[in-house]
Amino acid sequence: MANNPDKNKKPEAKRTTPTWVSDVRYGRSLSVEFFKHNAWLLMILIIAMLSLMGLRYKTKTRMEEIKRLTTELQLAESSKLQEKAAYMSLIRETEMKRLVEEKGLGLIFQEQPPFELELDKN
């Protein structure tokens with residue numbers, strides 16, 4: 001048999017420098033030295049994330065409080081209008097009674113609505 005050229009070739013050597021994907025995969029890039037050198041950056045990132053989470057929570061709770069207070073304000077405004085209407089009608093009635101007595105007209109406030117009289121045609 002003739003010598004096969006494929007058999008005489010040496011197998012190609014694998015890469016001696018691993019890629020960043022394999023470094024991350026096998027945990028080589030995240031060593032203790034990495035954390036020592038980048039501790040300040042990691043702390044800033046963690047503090048920023050916690051601050052953003054706190055800000056979001058605070059915003060949500062404030063928005064709920066605003067909605068609740070808006071509803072309460074609408075109810076209070078409605079109640080105020082009802083009370084104002086009752087007060088204004090009382091003031092008008094009292095003022096009219098005072099003026100009638102002052103002028104001596106002899107008119108009285110009628111508690112019942114007027115009656116309709118019907119004539120018998122018999």
Side-chain angles (χ1 to χ4, degrees):
M1 246 187 186
N3 284 343
N4 191 351
D6 290 331
K7 288 186 178 181
N8 290 339
K9 283 187 181 179
K10 292 182 181 178
E12 292 183 20
K14 291 189 175 189
R15 288 184 180 175
T16 56
T17 58
T19 63
W20 65 273
V21 174
S22 63
D23 283 349
V24 171
R25 184 175 169 198
Y26 295 112
R28 288 182 278 222
S29 65
L30 299 176
S31 64
V32 173
E33 291 300 316
F34 172 79
F35 288 108
K36 283 182 182 178
H37 291 295
N38 297 311
W40 62 273
L41 179 64
L42 292 171
M43 292 301 279
I44 289 173
L45 288 174
I46 290 171
I47 290 171
M49 287 180 62
L50 289 174
S51 298
L52 288 173
M53 288 169 55
L55 183 64
R56 184 172 180 216
Y57 174 75
K58 192 177 201 179
T59 303
K60 280 190 170 187
T61 55
R62 294 269 168 94
M63 289 300 290
E64 288 175 7
E65 184 178 3
I66 288 170
K67 285 180 185 177
R68 181 183 58 80
L69 290 174
T70 302
T71 305
E72 188 177 329
L73 177 63
Q74 289 172 346
L75 291 173
E77 285 177 346
S78 174
S79 176
K80 180 190 87 164
L81 288 175
Q82 289 174 351
E83 291 296 324
K84 183 178 178 181
Y87 175 74
M88 293 305 286
S89 69
L90 180 65
I91 291 293
R92 275 185 246 127
E93 181 182 328
T94 309
E95 183 66 19
M96 286 295 165
K97 283 182 182 177
R98 186 188 65 77
L99 284 172
V100 165
E101 289 173 3
E102 184 179 290
K103 301 291 182 186
L105 298 176
L107 299 174
I108 59 168
F109 179 73
Q110 191 173 352
E111 297 290 331
Q112 298 176 359
F115 294 104
E116 290 185 22
L117 298 176
E118 295 180 13
L119 294 176
D120 288 335
K121 293 186 180 185
N122 291 338

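One is the number of the first residue; the rest follow in order along the sequence.
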Query - For I66, side chain to side chain contact (heavy atoms under 4.5 Å, CB included) partners two or more places apart - result: M63, T70
Query raised in the report: Other than L107, what residues sit in its cluster of Ile, Leu, Val, Met, Phe, Trp and Tyr side chains whose heavy atoms are under 4.5 Å apart, directly or through others?
Result: V100, L105
Query raised in the report: By side chain to side chain contact (heavy atoms under 4.5 Å, CB included), which residues pair with E72, not counting sequence neighbours?
Result: R68, L69
**Report entry** Those residues that, when tested against Y87, pass side chain to side chain contact (heavy atoms under 4.5 Å, CB included) (two or more places apart)
**Finding:** I91
Query raised in the report: side chain to side chain contact (heavy atoms under 4.5 Å, CB included) with E64: which residues, sequence neighbours excluded?
Result: none
Query raised in the report: How many angstroms lie between atom CD of E83 and atom OG of S78, to the nearest 0.5 angstrom?
Result: 10.5 Å
Report task. Sequence neighbours left out, what pairs pass salt bridge (charged side-chain N to carboxylate O under 4.0 Å, His left out) with at least one residue falling in residues 33-43? Result -> E33-K36
Query - Members besides L75 in its Ile/Leu/Val/Met/Phe/Trp/Tyr cluster (side-chain heavy atoms under 4.5 Å) - result: none
Query raised in the report: Got a sec, which residues hit side chain to side chain donor-acceptor pair (under 3.5 Å) with E102, two or more places apart in sequence or on another chain?
Result: R98
Only pairs under 3.5 Å count here: list side-chain donor-acceptor contacts from residues 37-59, not counting sequence neighbours, and write none if there are none.
residue	atom	partner	partner atom	Å
N38	ND2	F34	O	3.2
S51	OG	I47	O	2.8
T59	OG1	L55	O	2.7

